[in-house]
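Atoms considered below: every heavy atom in the structure, side chains included; atoms not considered: hydrogens, waters and symmetry mates.
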Amino acid sequence: MDPRQGVRHLLPARPRHRDRDRPARAAHHLLGERRTPPGRLDRGHGVRGRRDLRLHHPGDDAPPRRRGAHRHPGGGGSDPPGRPGRSRDRTDREPAQPGGGGVMTVRVRFAPSPTGYLHVGGGRTALYNWLFARHHGGVFVLRSDDTDTERNTPEFQADILDSLNWLGMDWDEGIEIGGPHGSYRQSHRFDRYRAVAEAMVAAGAAYYDGATPEQLEALRVAAEAAGESPVYDGRHRLSAAEAAARVAAGDPPPVRLAVPRPGETRFVDVVRGEITFNHDNVDDFVMLRSDGSPTYHLASTVDDVDYGITHVIRGEDILPSTPKHILITDAMGGPRPAYAHLSLLNGPDGKKLSKRHGDTALRAYRDAGILPMAMLNFLAILGWSPGDDEEIVPLATMIERFDLGAVSRNPAVFDVAKLEWMNGHYLRAMAPEVFAEATLPLVEHDLGRPLTPGEHAAIAAVAPLVQERAKRLTDVTPQVRFLLEGDLEYEAASWDKVMATAEARVALEGAAAALAPLASWTVAAIEEALRGMLAAYGLTAGKGLQPIRVAVTGSAVSPPLFESLAALGRARTLDRIAAATVRIGG
RNA sequence: GCCCUCAUCGUCCAGCGGCCCAGGACGCCGGCCUUUCAAGCCGGAAACACGGGUUCGAAUCCCGUUGGGGGCACCA
């Protein structure tokens, strides 16, 4: 981060004025020039439809309104005539450039903290941001919210990048690739956050606090007993002199935001509509810790302002923190971004998705043979619908139709069964060569050794048949195991069920006799020989072929038999039939 | 405890006051096809949480109840 930017934004403070709702407003004029006149950016409202998409709120100058009109259709906010009655009239058909103002580029960000593997919920949040940016021709920023130096690891950082790349999402600015705003790592911007916090103190929007943990705890207990919200109201705030004394004594106090009370923060959430928070329930939270490091609220908000983020699309878990972010944004004099809070993902029991429900990390699905496009598609329609009844949605269609206003408000259950169905669909849609190419290395990996040329050829031969039968890439190895060199293992249940029949011995001996003299070892020849054998002995295909299948593949479930035998080769086929015959007898 | 939020089949989504005794998808059940298993095709069971309003008319609007989810740190 360019340190000078901080200086430019942090001109001397002016006396705070008395607007109780927005005490920090004075800082508008201190912390940098106001970008666009209010109202200008608000032109994006020529939209109607399901939900409002506010490209920008005018901030303090005009109350949110559109959503209300929508929610109360009778309330006078009727749609303009001449609009097609299409129910799916998307709200953000309107381009990112509001009519009257200058060009406004949509800028969104995904800002994970590298404290764990990127999980599916994070992936979905990233995807919705990405789709929104691509839909509007905007900018997708990848930021690293790595202020928690204790818990961050390079491994997790790398995993986030890997997972995003795996899904095929690219970013226009951010970590790894840089951009006009510096390193995009919060850990590199502590000076900037501190400067903002100090400027806010100077402007009266924040203060140094002297409350001890014990005092805080006592307040919390008292509030709970009184049936009130456990919010700290700044009663132990320090005077400038006291704060200076603490600093001098080597015991610097933390900086808290001065939440104006009474007061309220109201905003229009793009997916949820109008939301109001009474400041009696908003804490004077710590922005800057006593060690000078920023908390999430400060760092994230400062970055959103500094990076010119226009739409903050994130998980619903941060919805209750939004008034804090708005208060800081206002104090900085930045235009408020539009907020969109996505509902969270749950496990099958309706509880927050966790390891307890199975895999949560994207990486785990990748390792378990899920195709990136399947995961992407699945995540996309988990909480959003492209508008028709299609479930398989090409990427281009997603981008074309993606609409934040049409995103579901319901928490969604992450349904692995549906993911697998979708994965099977994408697996089958692959070109056979591509499938084989993707699959063979995986088989080698499972085996822990390279395939011999013979095995390679045999597996490649049946790959298209396996392709139709796989739900995941990892389903392949078990299905082609019988083609590997070495002894065959019989699956016990299959053997017991099939080989106990009276037809088993007949079929095996008949097959050996029919196959041994074959002139050419082809699928067609094998089929002809075996069907002839069935007819000769009066066996149905079901009865007569299953023993051969078990003898040769070890299981009652396998790729189609004739092709399997062809791939296996005559010698090994006959060996296995002979071995099985002996085994029955013995 | 306090605050926010959500509420249509088991699950995801459609539904934006009459087109809905509610539509699609996954899953489930049955059938067809068939050399097993898949795939595919056909068919079936399966939901507007509850109670009040508003309205000629409500799954759709309002209020309440109940239930679910989230948040309430010098974590993010």
Side-chain angles (χ1 to χ4, degrees), chain A residues 49-50 70-75 87-89 111-113 115 145-148 150-151 209 213 216 220 223-231 253-256 269 272 275-278 280-283 285-291 293 295-297 299-300 315-323 341 343-344 346 348 350-352 378 381-392 408-415 417-422 424 428 465-471 479 494 498 527 530-531 534 540-546 548-550 553 555-562:
Chain A
R50 183 168 165 175
H70 162 66
R71 283 220 154 168
H72 312 276
S87 61
R88 271 311 187 132
D89 189 24
S113 78
T115 53
D145 278 16
D146 57 351
T147 53
D148 186 352
E150 293 290 301
R151 296 194 297 148
D209 186 53
L216 259 14
R220 198 190 59 74
E224 185 151 331
E228 292 167 358
S229 283
V231 304
V255 175
R256 286 180 184 269
D269 188 286
R272 281 153 213 287
I275 297 174
T276 302
F277 287 88
N278 186 315
D280 288 340
N281 302 309
V282 180
D283 197 45
F285 63 98
V286 170
M287 299 195 305
L288 201 66
R289 301 186 187 98
S290 45
D291 67 0
S293 68
T295 59
Y296 163 76
H297 302 299
S300 176
E316 189 188 12
D317 52 337
I318 328 187
L319 184 52
S321 296
T322 303
H341 289 94
S343 58
L344 270 15
N346 290 156
K351 303 294 182 193
K352 187 187 171 92
F378 177 69
I381 65 167
L382 190 59
W384 172 70
S385 161
D388 50 28
D389 283 333
E390 282 305 306
E391 311 277 320
I392 302 294
S408 171
R409 295 182 283 250
N410 302 18
V413 171
F414 189 82
D415 181 4
K418 187 161 184 174
L419 205 214
E420 290 190 320
W421 161 77
M422 188 164 280
R428 274 171 257 122
L465 302 171
V466 173
Q467 182 176 2
E468 290 180 51
R469 291 163 172 73
K471 283 197 294 202
Q479 293 195 49
S494 293
V498 173
E527 172 159 13
L530 254 20
R531 289 209 187 274
L534 291 176
T540 63
K543 285 288 185 190
L545 261 25
Q546 279 301 82
I548 304 172
R549 186 187 309 280
V550 172
T553 71
S555 169
V557 176
S558 83
L561 187 62
F562 310 132

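- In this model, the phosphate group of B:rG69 is approached by a side-chain N or O of A:Lys351 to a distance below 4.0 Å at OP1 or OP2.
- A donor-acceptor contact under 3.5 angstrom links the side-chain atoms of A:Arg549 to the base of B:rU35.
- For A:Asn410, no side-chain nitrogen or oxygen approaches OP1 or OP2 of B:rC6 to under 4.0 Å.
- Remark: the A:Arg469 side chain and the B:rC37 base include a donor-acceptor N/O pair separated by less than 3.5 Å.
- Of the C1' atoms belonging to B:rC4 and B:rG30, the separation is 47 Å, rounded to the nearest Å.
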After noting the C-alpha distance and the side-chain angles of A:Ile275 and A:His341, does the key distance pass the side chain to side chain contact (heavy atoms under 4.5 Å, CB included) rule?
-> CA-CA 11 Å; A:Ile275 297 174; A:His341 289 94; 5.8 Å; no
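- Atom CG of A:Asp317 and atom P of B:rC6 are 15 Å apart (whole Å).
- Contact between the side-chain N/O atoms of A:Asn346 and the OP1/OP2 oxygens of B:rU11 is not found at any separation under 4.0 Å.
- In this model, no side-chain donor or acceptor of A:Ser408 finds a partner on the base of B:rC13 within 3.5 Å.
- Side chain of A:Leu344, nearest nucleotide from B:rC13, B:rG70, B:rG24: B:rG70.
- Regarding contacts with the backbone of B:rG71, every side-chain N or O of A:Ser321 stays at 4.0 angstrom or more from both OP1 and OP2.
- Using C1' as the reference atom, B:rC12 and B:rG51 are 29 Å apart when rounded to the nearest Å.
- Comparing B:rG70, B:rU35, B:rC6 against the side chain of A:Lys352 picks out B:rG70 as the nearest.
- Between the side chain of A:Glu391 and the base of B:rG24 there is at least one donor-acceptor pair of N/O atoms closer than 3.5 Å.
- Contact annotation: the side chain of A:Arg469 approaches that of A:Pro560 to within less than 4.5 Å [non-hydrogen atoms, C-beta and beyond].
- At least one side-chain heavy atom of A:Phe562 sits under 4.5 Å from a side-chain heavy atom of A:Leu545.
- Nearest to the side chain of A:Thr295, among B:rG69, B:rA76, B:rC26, sits B:rA76.
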